[in-house]
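Comments concern the structure below.
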Amino acid sequence: MDTGFGLRDINSPYSRLSPFFIHFNGVQFDKKYTAVDQIEKLGFSARDVRHIVLTHLDFDHAGGLEDFPEATVHVMQTEMETAQDRRGFIARRRYRPEQWDEVKHWKYYSAGGEPWFGFEAVRNLDGLPPEILLIPLVGHTRGHAGIAIDTPEGWLLHAGDAYFYRHEMDSAKKSCTPGLRAYQWMMEVDRQARLLNQDRLRALPCDRNKDVRLFCSHDAIEFKAFADQSSVQNEKVHQ
């Protein structure tokens, strides 16, 4: 999935990233948070990673792509076209070609195909098992997508930046912190589409027949809950 910041971002942030976002977001660069460092701590090497499926190409999601030279990167065609175009103040700063201009293997996809719980879905990603799908979730960017994985416990949907805060998915009383709400407004390219997709995502866990678990890119508490749950399940498997 998304790679976050990469080693080159950590070592030379101002040559790779927009100073505007470095300071606006108060980015703290630390190697231990990079995808490649975490992969190596699991006993693998960067060259063991053969596929990366991206939600989108924002600077805080695609920075580590070049840390995995053997990987094929899967992304929506519209997202790459928009990232290369880079029109406007935000677009020039959110998309940083320096982060991915050395990637050798790309696979691009268009929306359409057999639906997934009412969403369009991209199935049969090249070289990947059929249990992994791209789910277009336009709004944050023009080519933004979620990543759905069919697991033994049901569907898991990485919603990327379709929402930023776990309580935005509360069906009874949705809420978002003022800072995250403002940031989403600043970064959105299509508010109507973004809010519509949030409504559709909010409805997924409410339907018991769908058995879909959601998580987003930027809610640390939500991520920890999933990580803790995964650790418990792994312990049961090995008992």
Side-chain angles (χ1 to χ4, degrees), residues 1-40 46 49 52-69 71 73-104 106 137-146 158-165 168 176-191 193-194 215-223:
M1 294 188 185
D2 297 350
T3 60
F5 295 114
L7 294 177
R8 299 186 194 183
D9 299 327
I10 302 299
N11 294 329
S12 185
Y14 286 97
S15 68
R16 302 257 298 174
L17 305 171
S18 163
F20 171 80
F21 278 117
I22 290 176
H23 296 289
F24 186 87
N25 292 339
V27 178
Q28 298 181 7
F29 297 103
D30 193 318
K31 180 183 176 182
K32 68 181 180 181
Y33 297 125
T34 63
V36 66
D37 190 70
Q38 295 179 50
I39 288 290
E40 289 173 349
V49 176
I52 298 172
V53 185
L54 280 182
T55 63
H56 61 304
L57 280 160
D58 270 354
F59 67 96
D60 55 338
H61 292 256
L65 291 178
E66 293 177 343
D67 292 336
F68 302 98
V73 180
H74 304 259
V75 69
M76 298 298 291
Q77 177 78 46
T78 303
E79 183 67 7
M80 175 54 81
E81 291 173 353
T82 305
Q84 291 174 330
D85 190 33
R86 301 177 71 214
R87 292 188 185 184
F89 178 87
I90 295 296
R92 288 194 300 273
R93 288 158 179 80
R94 77 189 306 169
Y95 293 124
R96 311 300 291 180
E98 300 91 337
Q99 293 181 319
W100 32 267
D101 58 1
E102 295 181 14
V103 174
K104 298 177 182 177
W106 293 95
L137 294 171
V138 177
H140 179 68
T141 70
R142 300 197 186 283
H144 183 274
H158 174 15
D161 285 1
Y163 68 97
F164 275 56
Y165 184 56
E168 290 183 272
C176 186
T177 63
L180 288 177
R181 183 183 296 113
Y183 191 73
Q184 290 186 77
W185 288 347
M186 181 179 74
M187 300 299 287
E188 68 188 11
V189 299
D190 187 331
R191 178 168 300 178
R194 181 176 68 83
F215 70 97
C216 67
S217 297
H218 293 288
D219 191 312
I221 293 176
E222 187 177 60
F223 175 79

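Both backbone and side-chain heavy atoms feed into the values below; hydrogens, waters and symmetry mates do not.
- Judged purely by atom type and a 3.5 angstrom limit, Glu79 has no side-chain atom pairing as donor or acceptor with the backbone of Met76.
- Arg16 approaches Ser12 most closely through the heavy-atom pair CG-O, 3.3 Å.
- The minimum heavy-atom distance linking Asp2 with Ser217 is given by the pair OD2-OG, 4.3 Å.
- In terms of heavy atoms, Leu137 sits closest to Ala159 at CD1-O, 4.2 Å.
- Leu57 has its side chain within reach of Met80: a pair of non-hydrogen atoms, C-beta onward, lies under 4.5 Å apart.
- In terms of modelled atom types and a separation under 3.5 Å, the side chain of Asn11 and the main chain of Arg8 share no donor-acceptor contact.
- Partners of Arg191 by side-chain contact (heavy atoms from CB on, under 4.5 Å), not counting sequence neighbours, listed by chain and number: Trp185, Glu188, Leu195.
- A donor-acceptor pair under 3.5 Å links the side-chain atoms of Asp67 to the main chain of Leu7, judged by distance alone.
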Intermediate values then yes/no, side-chain contact (heavy atoms from CB on, under 4.5 Å), Arg93 and Phe24: CA-CA 12 Å; Arg93 288 158 179 80; Phe24 186 87; over 6 Å; no

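- Residues satisfying the side-chain contact (heavy atoms from CB on, under 4.5 Å) test with Phe29, not counting sequence neighbours, are Phe5, Ile10, Pro13, Leu17, Ile22, Val27.
- Checking Val75, Leu54, Asp101 one by one against Leu65, the side-chain contact (heavy atoms from CB on, under 4.5 Å) holds for a single residue, Leu54.
- The OH atom of Tyr163 lies 4.5 Å from the SG atom of Cys216; values are rounded to the nearest 0.5 Å.
- Here the closest heavy-atom approach between residue Ala91 and residue Arg87 is recorded as CB-O, 3.0 Å.
- Using a 30° and 60° split on the angle between ring planes, Phe89 and Phe20 fall in the perpendicular class, above 60°.
- Contact between Thr3 and Ala62 at its shortest, heavy atoms only, is OG1-C, 3.5 Å.
- In this structure, CD on Gln84 lies 5.5 Å from CH2 on Trp100, to the nearest 0.5 angstrom.
- Considering CG of Asp190 and CZ of Arg142, their distance stands at 7.0 Å, rounded to 0.5 Å.
- With hydrogens and angles ignored, the 3.5 Å screen pairs no side-chain donor or acceptor of Glu102 with any backbone N or O of Glu66.
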Candidate pair Asp60 and His218, rule side-chain contact (heavy atoms from CB on, under 4.5 Å), full reasoning: CA-CA 10 Å; Asp60 55 338; His218 293 288; 3.2 Å; yes

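- Distance alone, capped at 3.5 Å, places no donor-acceptor pair between the Glu222 side chain and the Tyr165 backbone.
- A salt bridge is defined here as a Lys NZ or Arg NE, NH1 or NH2 lying under 4.0 Å from an Asp or Glu carboxylate O, and Asp58 with Arg94 meets this definition.
- Minimum heavy-atom separation, Ala46 to Phe68: O-CD2, 3.5 Å.
- Residue-environment remark: CZ (Arg96) exceeds the threshold of 12 foreign heavy atoms within 6.0 Å.
- No donor-acceptor contact under 3.5 angstrom links the side chains of Ser15 and Glu98, judged on distance only.
- Taking the side chain as every heavy atom from C-beta outward, Phe164 and Thr177 never approach each other to under 4.5 Å.
- Here the options are His144, His61, Gln184, the test is side-chain hydrogen bond (donor to acceptor under 3.5 Å, both in side chains), and the partner is Asp161; only His61 passes.
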Derivation of the side-chain contact (heavy atoms from CB on, under 4.5 Å) call for Tyr183 and Asn25: CA-CA 10 Å; Tyr183 191 73; Asn25 292 339; 3.3 Å; yes

